[in-house]
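Here the structure is a predicted model, which means the values were calculated and not measured. Values below: every heavy atom of this structure, side chains too, minus hydrogens, waters and symmetry copies. Reminder, nothing fancy here: chain letters follow the sequence lines and each chain counts from 1.
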Amino acid sequence: MKLKDDVIEISSFSNIKIPSNEIGIFVKEFANILAYMDKIGTVKVSKIKKDSIIKHHTPLRLDTLSTSSNECSNLLERVYYKVPKVIK
Amino acid sequence: MENLSALSIPDINCLIKKGDIKVHELLDKAYKTIEQSSLNTFITLLKEESYKKADDIHLRIKNGEDIDILTGIPIAIKDNICIKGHRTTCSSRMLDNYVSPYTATVVERLENKGAIIIGKTNLDEFAMGASTETSFYKPTKNPYKHEYVPGGSSGGSAAAVAGLETVAALGSDTGGSIRQPASFCGVFGLKPTYGRVSRYGLVAFASSLDCIGPITNNVADSAILLETIAGPDSMDSTSIPEDVPRYYDMLTNEINNVTIGIVRGQLMDIIDKDVADVMEDFIKGLKFTGITLKDVTIEGFDICIPVYYIIATSEASSNLARYDGIRYGWIGNTKYDTLNEMYEVRRGVGFGKEVKRRIMLGTFCLRSGYKDQYYDKAIMVREKIRMSFEKALKDVDVLLLPTSPTLPFKIGEKIDDPVSMYLMDLCTVSISLSGLPAMSIPVGYQKGLPVGLQIVGRRLEEGTILKICHFLEKNGLASSNIENL
């Protein structure tokens with residue numbers, strides 16, 4: 001029952017409408033998948049440092065100022081950028 | 001003219017330069033093969049534009065201009081990579097009528113070298129799958145046995161290369177989506193180091209894992225494509241600011257002082273006997289090459305699947321939140337009382353079952369009260385996995401392990417069993433989580449179906465992988481002409 005409520009709640013958070021006759025299928029699949037995912041609870045990670053995660057998995061470049069590209073320069077009108085019309 | 005696959009990019013380049021073959025003939029051959037094929041590899045063909053480019057190249061050659069090695073080479077692009085003015089569907093009803101307003105960096109770099117993009121290939125919806133069956137349009141078939149899957153998610157690209165419909169293709173790899181279909185279709189598939197190739201213009205699935213790479217019929221073609229598409233890009237903040245070696249020039253027929261670490265241990269207990277037998281035969285062959293072999297143990301392969309699926313689905317739930325079915329995709333003619341109701345219905349119909357499942361799983365993992373237990377824990381375990389690969393690669397140049405735990409399976413066999421389908425990624429996701437480069441190479445044949453093995457290298461050492469794979473290919477241990485192995 002708890003998982004069924006979870007599935008209904010998550011579908012709402014995800015902005016996805018699940019037809020009532022399909023909820024049971026999702027509940028069954030979620031039960032199997034979550035049982036598998038729960039295996040990570042057994043792994044010890046006390047020696048892992050957060051600095052190391054940032055260094056190795058989010059290798060972002062330094063943010064530096066640069067002049068605008070030619071494409072943007074063409075759109076510059078006084079101090080504003082004029083972009084192509086989207087809605088006719 | 002011979003089959004396209006019988007010719008490498010350098011071979012075709014020589015023929016074009018000597019005037020022995022015209023780019024138009026290459027295109028005729030490719031499109032004729034595609035049109036006669038029943039593999040369902042392409043979603044969109046770019047025929048008109050391709051022939052216009054061929055006309056330009058013909059003029060340039062006629063005027064005595066020097067041409068690049070990629071000039072006139074037909075290349076297929078996975079349909080989650082944008083090309084300005086053309087559809088980018090991601091094989092989803094949600095993007096069925098989406099026309100990209102810009103071009104991906106990888107496509108721009110290929111086109112700058114004169115390559116001709118002949119069309120966009122089928123994939124699992126939003127690259128979520130291991131069989132190309134979750135495509136909204138059609139499942140792609142395995143070129144070796146049509147009732148079997150080609151792997152996924154880049155199944156269209158791999159089958160198109162193996163089915164001789166294109167000279168080469170680009171795919172994307174989040175948890176094995178280049179390597180596994182390359183293995184199932186008997187071709188070469190290279191996932192570069194995360195950040196080596198710009199992701200600008202690749203529709204995001206899991207941003208900390210997504211990579212673009214080549215799928216080819218030989219190692220030289222992969223080297224040429226990788227050196228063209230790789231390198232820093234100001235449009236992708238995660239692209240690595242390091243120069244790209246000339247991979248093609250690094251390929252020689254001899255290698256010295258190479259040690260390959262054979263990953264057996266726990267992994268060999270999990271994979272099918274058919275795959276294990278091919279790997280053992282391959283290792284026997286390696287012993288005659290002068291390469292030093294060393295057994296390496298990496299524990300925790302079974303934990304990589306849950307870690308991958310927690311991270312990938314969490315990132316997917318965020319990345320795919322942007323699709324609201326307002327400007328493109330399935331709209332329907334229902335009247336809605338609220339904006340939220342409209343989003344829910346359009347996303348409910350626009351996305352396929354697997355995509356909805358993954359978005360919801362990711363939302364579950366990121367939900368307040370569960371994030372620590374799932375997502376936060378998963379990123380810690382991910383670092384532990386990366387460290388174990390780093391340690392394993394300390395004393396060896398590359399690692400060798402299977403690409404897939406099984407042979408290709410039948411269309412429809414696993415589609416209703418998500419856990420069983422997720423387990424297909426067992427051998428590939430650990431490398432994706434570690435951000436390392438790896439190439440799947442075709443090394444054997446079981447029950448009429450191809451088997452691939454992965455060569456995994458250190459971070460940014462794609463050159464070492466390509467050199468070793470080229471050596472193995474030249475010594476008859478790997479070939480896309482798999483029946484003759």
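B:P241 does not touch chain A: none of its heavy atoms, backbone or side chain, sits under 4.5 Å away. Using a 4.5 Å cut-off between heavy atoms, B:Q373 contacts chain A through both its backbone and its side chain. Contact of B:D417 with chain A is not made at all, since no heavy-atom distance falls under 4.5 Å. With a 4.5 Å cut-off on non-hydrogen atoms, B:L339 does not touch chain A at all.
Listed by first and then second residue, the ring pair (Phe, Tyr, Trp, His ring centres under 6.0 Å) pairs that reach into residues 366-393 of chain B are B:F364-B:Y370, B:F364-B:Y374, sequence neighbours excluded. Residue pairs that meet the ring pair (Phe, Tyr, Trp, His ring centres under 6.0 Å) test with at least one member in residues 13-50 of chain A, sequence neighbours left out, do not exist here.
Contact tally against chain B (heavy-atom pairs below 4.5 Å) for A:V7, A:T42, A:I18, A:L34: the top residue is A:L34. Between chain A and the options B:R367, B:E344, B:E341, heavy-atom pairs under 4.5 Å are most frequent for B:E344. Between chain B and the options A:I33, A:V45, A:D38, A:I40, the largest number of non-hydrogen pairs under 4.5 Å is found for A:I40.
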Would you check, one step at a time, whether the test side-chain hydrogen bond (donor to acceptor under 3.5 Å, both in side chains) holds for B:E315 with B:S207?
CA-CA 7 Å; B:E315 292 183 16; B:S207 307; 4.8 Å; no

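Test B:K353, B:R358, B:K356 against A:E29 for salt bridge (Lys or Arg N to Asp or Glu O under 4.0 Å) and you get one pass: B:K353.
Within the 3.5 Å criterion, the main-chain N or O of B:Y343 finds no donor-acceptor partner in the side chain of B:D324. With hydrogens and angles disregarded, a donor-acceptor distance shorter than 3.5 Å links the side chain of B:R382 to the backbone of B:L433.
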